[in-house]
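Heads up, the thing below is written out as structure tokens.
Below, chains carry the letters A, B, ... as their sequence lines are ordered, and counting in each starts from 1.
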Number of protein chains: 2
Amino acid sequence: MVLQVHHRIVTHRIRIKDIALQAGVSTGTVDRVLHNRGEVSQATRDKILSLIQESDYTPNLAAKSLANRNPYRIAVLIPEGDVTNPYWKMPLRGIRRAAREIRDYNTGIEIYRFDMDSRSSFQTRLTEVLKSNPAGVVLAPVFQDQAAEFLKQLNDKGIPCVLIDSRLRKSNYLSAFGQDALKSGFLAARLMCFGIRPGSSILLLKLARPDGIIHHLSRRAKGFSGYIGKCTPSKDISIRTLTIDLTAPGEPAASLDKAMAEQPDIAGIFVTSSRASVVAEYMESRNKSEIILIGYDLTEANRKYLKNGTIDFLISQKPDDQGYNSIMTLCRYLVFKLLPVRIQYSPIDIITKENIDFYQT
Amino acid sequence: MVLQVHHRIVTHRIRIKDIALQAGVSTGTVDRVLHNRGEVSQATRDKILSLIQESDYTPNLAAKSLANRNPYRIAVLIPEGDVTNPYWKMPLRGIRRAAREIRDYNTGIEIYRFDMDSRSSFQTRLTEVLKSNPAGVVLAPVFQDQAAEFLKQLNDKGIPCVLIDSRLRKSNYLSAFGQDALKSGFLAARLMCFGIRPGSSILLLKLARPDGIIHHLSRRAKGFSGYIGKCTPSKDISIRTLTIDLTAPGEPAASLDKAMAEQPDIAGIFVTSSRASVVAEYMESRNKSEIILIGYDLTEANRKYLKNGTIDFLISQKPDDQGYNSIMTLCRYLVFKLLPVRIQYSPIDIITKENIDFYQT
DNA sequence: ATTGATTCCGTGTGCGCACACGGAACCTGT
DNA sequence: ACAGGTTCCGTGTGCGCACACGGAATCAAT
């Protein structure tokens, strides 16, 4: 019951007990109607539902979760990060943060890590999770055919699944969290072309091990190139793509020196991964800080070069929040039966030295 | 008690009852120690504190708020927005959102609106709030001397106060939410100078009624001008400030036409308020969409022109969140005794047509 | 009319915490 | 030794919800 008196909002919660008193039944009967449990006559049911509708009743979530007698278990399947691709450390941080918050809702998590280069590792984990019969699953669907089959099996068991960093289209999942890597590359290109002169060149850098480029990094590059080709033909901007293996000795300096010598009109550099700091360090050592440098992620190293101006823009997609939000979404569904939005994209935030101290992480 | 088994985190909450069993006392005694209430012998107290420390006990917040027998009342003092300055509608929206969430913590709010051009209106409200003796206060300290005296009185009564859109420095408050308008103007200038050619001119627009410019809008302008003067002397950029009264007939077209005729090398326009859409509309009517336009706030009108490219950047400081966070901060302090950060600034987010659909509001 | 099955509903218990009340033990003063 | 006061602590109750149990009423079959 909301009483609006002058400029005041004063709240007095409507409880199940109030509905029961008005309907002339017990709280047990109101509870049965609310949860479609047991048996209640149609006349009594209609009367209670009508009172609930008129009365602005909402359940007290604290009481609701306290009364919940079965702890929920959420199984989390995500890859282990490694030294050259520490990406998965970030969503895991968000997952751990969410785990601490959901304890009060009688919900816990179990984390199953797998090797992201090994299908058998993934399959082993999928099998373990099926056997453990959790209340819900958060899944990074790295191997898509296996993930699709797994989703079918979860669906058969009535276990809801939330996908994280997902590219799956037609599947049974409760909600999927992803990033629009193409659009983030597009935006990076937009920022770059905003600042460089017509006739300049841009270097598109892929910094990785020789055996693999992560899918979303490729998409960022594709978005970037796509913008240059499609939106700025009149600017006569050329783009050169360079892949550098950071584990090889002398890199990235050797490759960058060579590229700079061959193309002295390079006015901008775009780094698809979170390793822009490596390039910034090189640029400082060669007194080329006037070249526009755009990268991703607010790592400690990147922050340093952003603040001193060598890096012009960092794009942040809040990977921590992807992990956090996937757990919170599933928890809200399990505990409170709240239906989520089906697809949720990461933000594409533009970070500069002027706004970094105010950025909410 | 956290049991780490292989890749799993499984939680079993430590309760007051568990501590009591281990200490050989009742739950009432553990409760007395936790809240420093009643009298407990030093030996028993030490024993219980030691067990609590070793055991990773955290209170169940659902149980805690359910058991709380006294509803908290938060008094909110904010200005009424008006047609030319609808700013205060946005924090109020956040405040209402927070109010819905804190119902489950037995906490309600009472909103006291005042006329932001009237000291006596403000004083009347301050007096009402003091008389109502709330558990806590959220205050927009528009008139600073009155606000400072009010804070003293709250402090004498032991009532915690959170400030919103605050410029107060030395006062007794729990936490203050503000925006760094100077820095946001600085960033706007950075973006502008990134994109325009040396030797160009910029138009700095203040769109308002003749009788008042809101303080933070002036600060934005100051930040913008400061960047131009300090950071880009070699670019030879001139800046012209223009104040336009939007309530006058034929504006803003008349003034803008005049300015454009006098200075045909204008390459960028910066609007300090949320009315960039008015300028965008003008620019489209005169086929001047190639001029860089930067403004503030994701209003419906601004979104439209951002999406079609006439507005290049909008700066968003999430004013809704300022309201939301001030209530949540005070609620956490009152209900759970969590101490907040003393000063919290709004973000300064850069929004473009590429990232707007992913921006989290 | 009697018996058995089904429907319907009220009651009691518990979740983890907050806290008031009052009995037992101890201490101090006469 | 006794009385009064203080310290210390256990117990009971309640917050709003979830849900199991079992008694009463009703219905159907014989």
Listed pairs, N/O of protein and of nucleotides 23-26 of chain C, under 3.5 Å:
none

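Residue contacts for B:S65: at a heavy-atom cut-off of 4.0 Å it reaches no nucleic acid atom on any strand shown. Counting any heavy atom pair closer than 4.0 Å across all strands shown, A:I16 reaches sugar-phosphate atoms only and no base atom.
Contact check for A:L130 versus A:K157: side-chain heavy atoms found under the 4.5 Å cut-off.
In terms of the side chain to side chain contact (heavy atoms under 4.5 Å, CB included) criterion, residue partners of A:A63 (sequence neighbours excluded) are, by chain and number, A:N60, B:L66. Residues that satisfy the side chain to side chain contact (heavy atoms under 4.5 Å, CB included) test with B:A75, not counting sequence neighbours, are B:Y112, B:V129, B:P134, B:V137. Evaluation of the side chain to side chain contact (heavy atoms under 4.5 Å, CB included) rule for A:D165 yields A:Y87, A:W88, A:Q179, A:H216, A:Q322 as partners, not counting sequence neighbours. Judged as a side chain to side chain contact (heavy atoms under 4.5 Å, CB included), and not counting sequence neighbours, B:K131 has no contacts. Every residue two or more places apart in sequence or in another chain was checked for a salt bridge (Lys or Arg N to Asp or Glu O under 4.0 Å) with B:E101, and none qualifies. For A:R93, the salt bridge (Lys or Arg N to Asp or Glu O under 4.0 Å) partners at least two apart in sequence or on another chain are A:D320. Annotation: side-chain hydrogen bond (donor to acceptor under 3.5 Å, both in side chains) contacts of A:E149 (sequence neighbours excluded): none.
Counted within 6.0 Å of OH on B:Y359, heavy atoms from surrounding residues, nucleotides or ligands total more than 12; the atom is thus considered enclosed.
Near-neighbour residues of DNA chain C inside residues 30-41 of chain B, defined by a heavy atom below 4.0 Å, number-ordered: B:D31, B:R32, B:H35, B:R37.
In this structure, CG on A:L77 lies 6.5 Å from CZ on A:F122, to the nearest 0.5 angstrom.
Comparing A:T29 and B:K17 along DNA chain C, the residue whose closest nucleotide (by nearest heavy atom) sits nearer the 5' end is A:T29. Annotation: of the two residues near DNA chain D, B:R45 and B:A67, the 5′-most nearest-nucleotide partner is B:R45.
Nucleotides of DNA chain D that come within less than 4.0 Å of any heavy atom of chain A span, from the 5' end to the 3' end, D:dG16 to D:dA20.
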Under 3.5 Å, side-chain donor or acceptor atoms of residues 29-37 of chain B against the rest of the protein: list the pairs with distances, not counting sequence neighbours.
unit_1, atom_1, unit_2, atom_2, d
B:T29, OG1, B:S26, OG, 3.3
B:T29, OG1, B:R32, NH2, 3.3
B:D31, OD1, B:H35, ND1, 3.0
B:D31, OD1, B:R37, NH2, 3.1
B:D31, OD2, B:R37, NH2, 2.9
B:H35, ND1, B:D31, O, 3.1
B:H35, ND1, B:R37, NH2, 3.3
B:N36, OD1, B:R45, NH1, 3.3

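No hydrogens or angles considered: a donor-acceptor pair under 3.5 Å links the side chains of B:D46 and B:Q42.
Judged by distance alone, the side chain of A:E80 and the main-chain N or O of A:F114 form no donor-acceptor pair under 3.5 Å.
Bending across the helix from C:dA1-D:dT30 to C:dT30-D:dA1, expressed as the angle between its end axes from five pairs apiece, amounts to 50° (10° rounding).
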